[in-house]
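Here's the structure, in structure tokens; my notes come after.
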Amino acid sequence: MTKRRICCIVSGIIFTLFITFMTILILTQTVFKPKHPILQTLSSTVEDVSTHVSPPTMIQINFTLTLQMLISNPNLADFEYKTVENMVYYREKLVGNLTLPSSTLPAKGQVILPCPLVLQIDKFSANIGDIIQDIVQGKIVMETKARMPGRITLLGLFKVNLDTISHCTLVLAFPSMVVEKQVCSLGTKL
Ligand SMILES: *[C@@H]1O[C@H](CO)[C@@H](O)[C@H](O)[C@H]1NC(C)=O
Ligand SMILES: *[C@@H]1O[C@H](CO)[C@@H](O)[C@H](O)[C@H]1NC(C)=O
């Protein structure tokens, strides 16, 4: 082989590698560009309410708050989530949590997951005066925070971590414990 021939082959290989690299790069920035999965609270309902209210010493409100969570995967790749973590706060104190097991959501897939949270509001979850004030005003405000860390594998090669969070404020009427208002916001971080 002449030097010239070797030179041609080497340039050919470099050129092919460069084109392949550029194609993969363009694909991962366009059609396969990672998009955040969506974690949305569709509805929230309260069941199994059991109350024992005799102020000023004894207040207990037990109930199950069921959140219907919709997860959608906008990517052209499967999304493997590690968990779906749901936390409920009353007056900034954690009053319940639920962690759903890991699973895979197919490309462009959607699923609705019910999350039943067993909650108890009592003198350990807030200042008793604050609870009484809420009961008298007939409104109990709860915050929910959900988080879904996971990842997708682009073109079977690159792993991209995606973390989706969602946050809702729920207003429950007292004593009916009906969800009167639900305001949610979505958030993401890479
Ligand atoms: C609320 O739940 C706790 C723990 O499960 C239980 O001990 C308590 O009796 C319940 N209170 C009412 C009013 O049902
Ligand atoms: C969730 O609740 C369990 C008990 O059911 C508790 O052990 C755990 O620490 C809680 N997780 C968080 C993040 O607070």
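In each ligand, atom 1 is the first atom listed, and ligand 1 is the first ligand listed.
Around atom CD of E47, more than 12 heavy atoms belonging to other residues, nucleotides or ligands sit under 6.0 Å away.
The side chain to side chain contact (heavy atoms under 4.5 Å, CB included) search around Q68 returns L42, S43, T66, I112, P114, not counting sequence neighbours. Here K93 pairs with nothing under the side chain to side chain contact (heavy atoms under 4.5 Å, CB included) rule; sequence neighbours left out. A search for side chain to side chain contact (heavy atoms under 4.5 Å, CB included) contacts involving S103 returns Y81, not counting sequence neighbours.
V178 and F63 are members of different hydrophobic clusters when ILVMFWY side chains are connected at heavy-atom separations under 4.5 Å. Taken together through direct or relayed side-chain contacts under 4.5 Å among Ile, Leu, Val, Met, Phe, Trp and Tyr, L70 and L162 form parts of separate hydrophobic clusters.
Taking a heavy-atom cut-off of under 4.0 Å, ligand 1 is surrounded by S50, T51, H52, Q60, N62, Q120.
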